[in-house]
Amino acid sequence: MDALMTFDESVYAAVRLIPRGRVATYGQIALLCGNPRASRAVGWALRRNPAPGTEIPCHRVVNREGRLAPAFAFGGPGAQRDLLEAEGVPFFADGRVDLKRCVWYGPEESGSV
DNA sequence: GGCCTGACATTAG
DNA sequence: ACTAATGCCAGGC
């Protein structure tokens, strides 16, 4: 799949598929991209974030710990938390999201098992 | 072409 | 449980 779609493009597509009130980990995005080890490249793509809070809800992308990445990319720390909370994403007092409750199971989740 | 960097993940101690 | 080091991929110079 490296014909016309670059890795970052695939990342944007995957992140774009994340439903509201749900979060995905870099590893998942990387997996959807075809490279389960490209979690870093995913961060790279998001870091470029062409459309933050618009088409690429990077705030829904968290790391393995359920911790949010540098939220400053959204306008300020806490802003991301507010966004996720507004979407129905439970947060811990530590400032982490409850992955057990809002982890995204992938595009398959949209259809049926 | 090679080297370095980066919003992660994983394994080992 | 925590910290440290390594591996992975893509982009930038």
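Per chain, numbering begins at 1; letters A, B, ... match sequence-line order. Because the structure is a prediction, the values reported are computed rather than measured.
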### Query
Is a donor-acceptor contact shorter than 3.5 angstrom present between the side chain of A/Tyr26 and the base of B/dA7?
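For A/Tyr26, whose side chain was compared with the base of B/dA7, there is a donor-acceptor pair (under 3.5 Å).
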### Partner set under salt bridge (Lys or Arg N to Asp or Glu O under 4.0 Å) for A/Arg16, not counting sequence neighbours
A/Glu55
### Message
Please enumerate all residues that pass salt bridge (Lys or Arg N to Asp or Glu O under 4.0 Å) together with A/Glu87, with sequence neighbours excluded.
### Response
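Partners of A/Glu87 by the salt bridge (Lys or Arg N to Asp or Glu O under 4.0 Å) criterion, ordered by chain and then number, come out as A/Arg60.
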### Task
Using whole Å, report how far CD of A/Glu65 lies from P of B/dA9.
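After rounding, the reported distance stands at 8 Å.
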### Message
Has A/Thr6 got a side-chain atom pairing as donor or acceptor with A/Glu9's backbone, closer than 3.5 angstrom?
### Response
no
Quiz: residues 89-102 of chain A side-chain donor-acceptor pairs under 3.5 angstrom, not counting sequence neighbours:
| from | atom 1 | to | atom 2 | distance (Å) |
| --- | --- | --- | --- | --- |
| A/Asp98 | OD1 | A/Lys100 | N | 3.2 |
| A/Asp98 | OD2 | A/Arg101 | NE | 3.4 |

### Task
Return each pair, listed once, that meets salt bridge (Lys or Arg N to Asp or Glu O under 4.0 Å) where at least one residue sits in residues 22-34 of chain A; pairs must be two or more places apart or across chains.
A/Arg22-A/Glu109
In residues 34-43 of chain A, what donor-acceptor pairs under 3.5 Å come from side-chain atoms, sequence neighbours left out?
none

### Message
Each nucleotide in nucleotides 6-13 of chain C should get exactly one letter: B, S or -. Can you fill that in based on protein heavy atoms under 4.0 Å?
### Response
-BBBBSS-
#### Entry: Shortest non-hydrogen contact from A/Val61 toward A/Gln80
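Closest approach of A/Val61 to A/Gln80, heavy atoms only: O-NE2, 4.5 Å.
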Short heteroatom pairs, N/O only, protein and nucleotides 1-4 of chain B, under 3.5 Å:
none

### Task
Using atom CD of A/Gln28 as one end and atom C1' of B/dA7 as the other, report the distance to the nearest whole Å.
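About 16 Å, once rounded to whole Å.
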#### Entry: Side chain to side chain, A/Leu68 and A/Leu84, heavy atoms closer than 4.5 Å
yes
